[in-house]
Amino acid sequence: MPVEFNRDTGIINLHNEKISYIIQILGNRYPVHRYFGKYIPNYSNLDDLPKGNHAFAVDTTEDFPFSITSLPLEYSTIGDGDYHQPAYLIKDEQNHWLPTLKYCGLSITDKLPHGNLPQSIGDSSEVTTLVLHLADDVTKLQMDLNYTIFENLSLIIRSTTLHNLGKSALTIDALDSLQLNLSDDNFISFTLNGTHAHEANPMTSQIDSGIQLQHSFRGTSGPQHQPFIALSRPETSQFNGEVIGTALIWSGNFEDSIEVDQYQKTRLKIGLEPTTFSWQLKPQTDFQTPEAILTWSNHGYNEMSQIFHQFSTQTKLSKPSPIAINTWESMFFNVSDSKLSKLINKAASLDIEMVVLDDGWFTNRNSEQGQLGDWQVDSNKFPNGLLPLVERAHQRKLKFGLWIEPEMVTTNSNLFQEHPDWVLKYANRPLVTARHQLVLDLSREVVREHLLKTITNLVKSNQLDYLKWDMNRHLTQVGNTQLPATEQGEIYHHYVLGLYDLLNKLRQSCPNLIIENCFAGGGRLDFGMASYTNQTWLSDLTDSYDRTKIANGFSYLFPQAIFSNHVSAVPNGQNHRSTPLESRLQLASIGQMGFELDLEKLSVEQKDSIKKQIETYKNWRKLFLYGSFYRLTEINDLNIAWLITSSDKKTAIFFYSYGLTSSVRKIQNMPLHYLKDNINYSVNNRIYSGLQLNQIGLAISPSKQDFETSLIFITENSHPSN
Ligand code: GLA
């Protein structure tokens, strides 16, 4: 049984064979945190909780000799003596905050908490959920703290559900998905930060007394900060050391924070961003927070990533996408029937598997100032519509895909003219545009119904195989005329629920459609979007050297199977750098491969290289996409190396990205760490033991050209050695 509950001590040990999460119901009153880490089978209560007779703590009582001020509460608020950042703030009718809610029982199920949110998937054989029920006697609010453990993963899924069983409405001003207390502050924080075309840069910082906080007010998760934070020991490397990681399954505003208090104890939190969130919890209604994934590893960042990757393949729609040629970087808005016809023929001759018509295919769209929202094919560019092109592609055994930005509209569109109230806006204020566009109010069912009908019709009537679902601006003026003033604070949240509802229904109406997630690149790559889409356009930066860093950053959380990487022309349009074609081809092979090139301009040699790499990709596709992905270089190393292994470790791919050439001709050994010691491997026609490759590794010679990469295939040597 993965939950052991000792009624005498109040100790609950939620565990599998790898981890324990230990809570104590203190004095039958408050759940407090005791431990999270390696599985401890027979945890025995330590008498180490402070009584709180220091630093003006609120008073203890005879029947409860602990002060709430210094307890490691599982879930806390302010107002009755806990002075940390609150995990929840809920107001009653008098506008007074509810106190710390008291424990009133627990239940154990083999299900996940319900809700209309993306969530972890697991059946009853592998999932156990512990629910701690807390309640407020005065308002009759019931609060459930949900903890789900999987049979084989070193992670816990946390969320909170509120049930208003009383007679008056309550106002939720903050409601986190997770609060976790750690008994010391010897940690560094690890986060992923960036901006457009510069996503997912790893950053480590010393944590210190006070609060370190990251958030998004953008209405989306955003490339600026990933909804993820980890705490690791100062000595933690890719290979060793303790790391606790948490990520939110949510695509909207979020906040995570680390607080180190006066006793050098650390409190970690993640959940909905409170400034942009407020919710009227009417009588007899419920509210469910997004889920937070909480991982534990003592084998470094690679093990943390493996846990996230395994979790992610459980939640996402995993199927290999066709090798794509996308029109964006070679044609921009200047697309046409004749160009696409030629592209289909050229793509087929290079063994590419799908043509994607990016932005510019619909009416009045010749620049960023063009029209969004109507999604009618531009009859000047495509006089016969899209269907004949799609049919031609299908005849040539190519799939066909289209770009769309469904959440957006421009004021010159028919849609806006007919429904000016369908956009997010504040009454009596000028509209705020970005990239010249406005955002449709996805919190409204009528808007979602219209979008579902339009997109389904577009896909079905044109026999489309794929959609690139883009979003090219953040939210502003998040308001509408539908909800009363008291509920305007709910719209950010409803927007994301609306987006999930729309994607979910589109999945049902077009079950075979491949959906690529895009927000001007990887600006909305989070576990929420990853559970509705097949792959993600990692960045608008296609330069292979910088994109390797971006993929490296995202690899901390996501498996390479969802990375969409394309070979584009040089010098690169974003950073003006020229990299060798080989490097661009090799990087594009790690994940879902594709191209943004003008195929008409390729030399014979370039075409040969492309065909060769496509053939290699097809032969090794399973490993490129679904192999276990490990980083072999540390966070601050200049060069990047990866190893991708099959689950039986009999085959592997080694990838190395060099930076600038150097006059110092240093040869470096690169231990591979994750092969099997007792297998002999063949590498570049030589035989090495796994032990040698793990311990000493491959010799990396200096590069002869800036931004080279190398890709080495490692296979089990089946010939007996003599
Ligand atoms: C975004 C995407 C690009 C391209 C353009 C089209 O920036 O990230 O790949 O689709 O929009 O406008």
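Values in this document were obtained by computation on a predicted structure and should not be read as measured data.
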- So, for Trp537 and His566, is the gap between ring centers shorter than 6.0 Å? yes
- For the pair Asp441 (side chain) and Asn480 (backbone), establish whether a donor and an acceptor sit closer than 3.5 Å, ignoring hydrogens and angles. no
- Item | Any Met408 side-chain heavy atom under 4.5 Å of Val439 side chain | yes
- Message: To the nearest 0.5 Å, what is the distance between CG on Leu145 and CG on Leu178?
- Response: 10.5 Å
- Query: Are any non-hydrogen side-chain atoms of Leu162 and Asp286 less than 4.5 angstrom apart?
  - Reply: no
- Query: If only atom types and distance count, is the side chain of Thr454 paired as donor or acceptor with the main-chain N or O of His450 below 3.5 Å?
  - Reply: yes
- Item | Geometric cation-pi criterion, Arg577 with Phe707: 6.0 Å, 45° | yes
- Side chain to side chain, Gln592 and Ser321, heavy atoms closer than 4.5 Å: yes
- Given Phe277, which of Phe287, Trp250, Tyr492 fulfils the ring pair (Phe, Tyr, Trp, His ring centres under 6.0 Å) condition? Phe287
- Taking the six-membered ring for Trp and the full ring for Phe, Tyr or His, determine whether the centres of Phe527 and Phe308 are under 6.0 Å apart. yes
- Could you tell me whether the side chain of Tyr301 reaches within less than 4.5 Å of the side chain of Ile635, counting heavy atoms only? yes
- Task: Return yes if some donor-acceptor pair links the side-chain N/O of Ser232 with the main-chain N/O of Thr236 below 3.5 Å, else return no.
- Result: no
- Query: Any salt bridge between Arg267 and Glu259, counting N to O under 4.0 Å?
  - Reply: no
- Would you check if the distance from the ring center of Tyr532 to the ring center of Tyr500 is below 6.0 Å? yes
- Charged N-O contact under 4.0 Å between Lys468 and Glu516: no
- Item | Side-chain (Asn572) to main-chain (Ala569) donor-acceptor, under 3.5 angstrom | no
- Message: Test your reading of the model: is there a side-chain donor-acceptor pair from Gln477 to the backbone of Pro430, 3.5 Å cut-off?
- Response: yes
- For the residue pair Trp328 and Phe333, is the inter-centroid distance of their aromatic rings smaller than 6.0 Å? yes
- Can you name the one residue among Gln224, His225, Glu273 that meets side-chain hydrogen bond (donor to acceptor under 3.5 Å, both in side chains) with Arg218? Gln224
- Message: Rounded at 0.5 Å granularity, tell me how far CZ in Arg547 sits from OG1 in Thr542.
- Response: 6.5 Å
- Task: Assess whether side-chain contact (heavy atoms from CB on, under 4.5 Å) is satisfied between Thr171 and Leu281, documenting all intermediate values.
- Result: CA-CA 6 Å; Thr171 307; Leu281 190 68; over 6 Å; no
- Query: When rounded to the nearest 0.5 angstrom, what distance separates CG in Leu213 from OG in Ser257?
  - Reply: 5.5 Å
- Message: Working to the nearest 0.5 angstrom, can you tell me the gap between Ser544 OG and Lys549 NZ?
- Response: 11.0 Å
- Check whether any side-chain heavy atom of Glu291 lies under 4.5 Å from a side-chain heavy atom of Ile293, and answer yes or no. no
- Looking only at atom types and distance, does a side-chain atom of Gln560 sit under 3.5 Å from a main-chain N or O of Phe629, one as donor and one as acceptor? no
- Message: Working to the nearest 0.5 angstrom, can you tell me the gap between Thr476 OG1 and Phe217 CZ?
- Response: 15.0 Å
- Message: I'd like to know if the side chain of Asn326 reaches the main chain of Leu357, judged simply by a donor and an acceptor atom lying under 3.5 Å from each other, with no hydrogens or angles considered.
- Response: no
- Query: Are Asp256 and Lys269 within salt-bridge range, i.e. N to O under 4.0 Å?
  - Reply: no
- Query: Looking at Gln437 and Arg473, what are the two nearest heavy atoms and their distance?
  - Reply: O-NH1, 2.6 Å
- Asp374 bridged to Arg365 by N-O distance under 4.0 Å: no
- What one should report as the nearest heavy-atom pair of Ala197 and Ile550 is O-CD1, 4.2 Å
- Do Tyr630 and Trp642 have ring centroids that are under 6.0 Å from one another? no
- Item | Test item: Arg584 side-chain N/O and Tyr545 main-chain N/O as donor-acceptor pair under 3.5 Å | no
- Item | Ring center gap for Phe190 and Tyr556 short of 6.0 angstrom | yes
